[in-house]
Amino acid sequence: MEKQTLDAVRDFAEDRFKKRMLFEGNGLDAFVLHFLPGQALPAHRHPGAELVALVWEGSGIFTVDGTETEAAAGDVVRCGGEEWFSFRNTGDGPCRLFVVLVKPAGAV
């Protein structure tokens, strides 16, 4: 068993969003993304994987394959690895996403 405290990885930067790993290995990555107002995660994909993102604090807009969806604290988004995914903090305060990326066994 491994244990982490989410507040221990709280980390914002003025110049760009920050990523702090919690767990990684065996086809699973869990991390927290930290965004100040206006900061964004560029569009990208994770071929062969599945992504689940929980808006833990704040709000913003997820864009998946060109479709924008507003989300706020408590909302959860799931994306397939072939989908283009991005996020932008559109709120007035900090935003944090708890993200789990899973690559099934045997995936390339």
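When a residue number appears, it is its place in the shown sequence, counting from 1. Note that this is a predicted model, so its numbers are computed, not measured.
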Open item on the list: Run the side-chain contact (heavy atoms from CB on, under 4.5 Å) test on Arg20 and Gln4 for me, step by step, so that the C-alpha distance in whole Å, both residues' side-chain angles and the decisive distance to 0.1 Å come before the verdict.
Closed with: CA-CA 11 Å; Arg20 294 288 306 268; Gln4 291 280 358; over 6 Å; no
From [X] [atom1] over to [Y] [atom2], what is the distance, rounded to the nearest 0.5 angstrom?
{"X": "Leu97", "Y": "Asp75", "atom1": "CG", "atom2": "CG", "value": "11.0 Å"}
{"X": "Asp29", "Y": "Lys19", "atom1": "CG", "atom2": "NZ", "value": "6.5 Å"}
{"X": "Asn89", "Y": "Phe17", "atom1": "CG", "atom2": "CZ", "value": "12.5 Å"}
{"X": "Leu22", "Y": "Thr5", "atom1": "CG", "atom2": "OG1", "value": "9.5 Å"}
{"X": "Cys95", "Y": "Glu57", "atom1": "SG", "atom2": "CD", "value": "7.5 Å"}
{"X": "Glu83", "Y": "Leu51", "atom1": "CD", "atom2": "CG", "value": "9.5 Å"}

- [ ] Could you list all the salt bridge (charged side-chain N to carboxylate O under 4.0 Å, His left out) pairs where at least one residue sits in residues 43-53, not counting sequence neighbours?
- [x]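 Residue pairs with at least one partner in residues 43-53: Arg45-Glu82, Glu50-Arg78.
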Task: Heavy-atom side-chain contact between Leu33 and Val99 under 4.5 Å - done: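 Side chain of Leu33 against side chain of Val99, heavy atoms only: contact under 4.5 Å found.
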Indicate the atoms forming the closest heavy-atom contact of [X] with [Y], along with that distance.
{"X": "Ala49", "Y": "Leu101", "answer": "CB-CD1, 3.9 Å"}
{"X": "Pro42", "Y": "Ala40", "answer": "CD-O, 3.8 Å"}
{"X": "Pro37", "Y": "Gly91", "answer": "CB-O, 3.5 Å"}

Task: CA sep, side-chain torsions, deciding dist, call: Phe31, Val9, side-chain contact (heavy atoms from CB on, under 4.5 Å) - done: CA-CA 9 Å; Phe31 50 92; Val9 296; over 6 Å; no
Transitive ILVMFWY side-chain link [X] to [Y], under 4.5 Å:
{"X": "Met21", "Y": "Val100", "answer": "no"}
{"X": "Phe12", "Y": "Leu54", "answer": "no"}
{"X": "Val55", "Y": "Val52", "answer": "no"}
{"X": "Val77", "Y": "Trp56", "answer": "no"}
{"X": "Val76", "Y": "Val32", "answer": "yes"}

Task: Any donor-acceptor pair under 3.5 Å from Glu70 side chain to Thr90 backbone - done: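 Such a contact is absent between Glu70 side chain and Thr90 backbone.
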Task: Main-chain N/O of Pro94 paired with His34 side-chain donor or acceptor, under 3.5 Å - done: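 The answer is no, because no donor-acceptor pair under 3.5 Å joins these two groups.
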Task: Heavy-atom neighbours of Asp15 CG exceed 12 at 6.0 Å - done: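 More than 12 heavy atoms, drawn from other residues, nucleotides or ligands, come within 6.0 Å of this atom.
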TODO: Name all residues meeting the side chain to side chain donor-acceptor pair (under 3.5 Å) criterion together with Asp7; count only those two or more places apart in sequence or in a different chain, and write none if there are none.
DONE: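 Scan of Asp7 (side chain to side chain donor-acceptor pair (under 3.5 Å), adjacent residues dropped) gives Arg96.
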TODO: Report the relative orientation of the aromatic rings in Phe85 and Phe62; use parallel for angles under 30°, tilted for 30 to 60°, perpendicular for over 60°.
DONE: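 Phe85 and Phe62: tilted rings.
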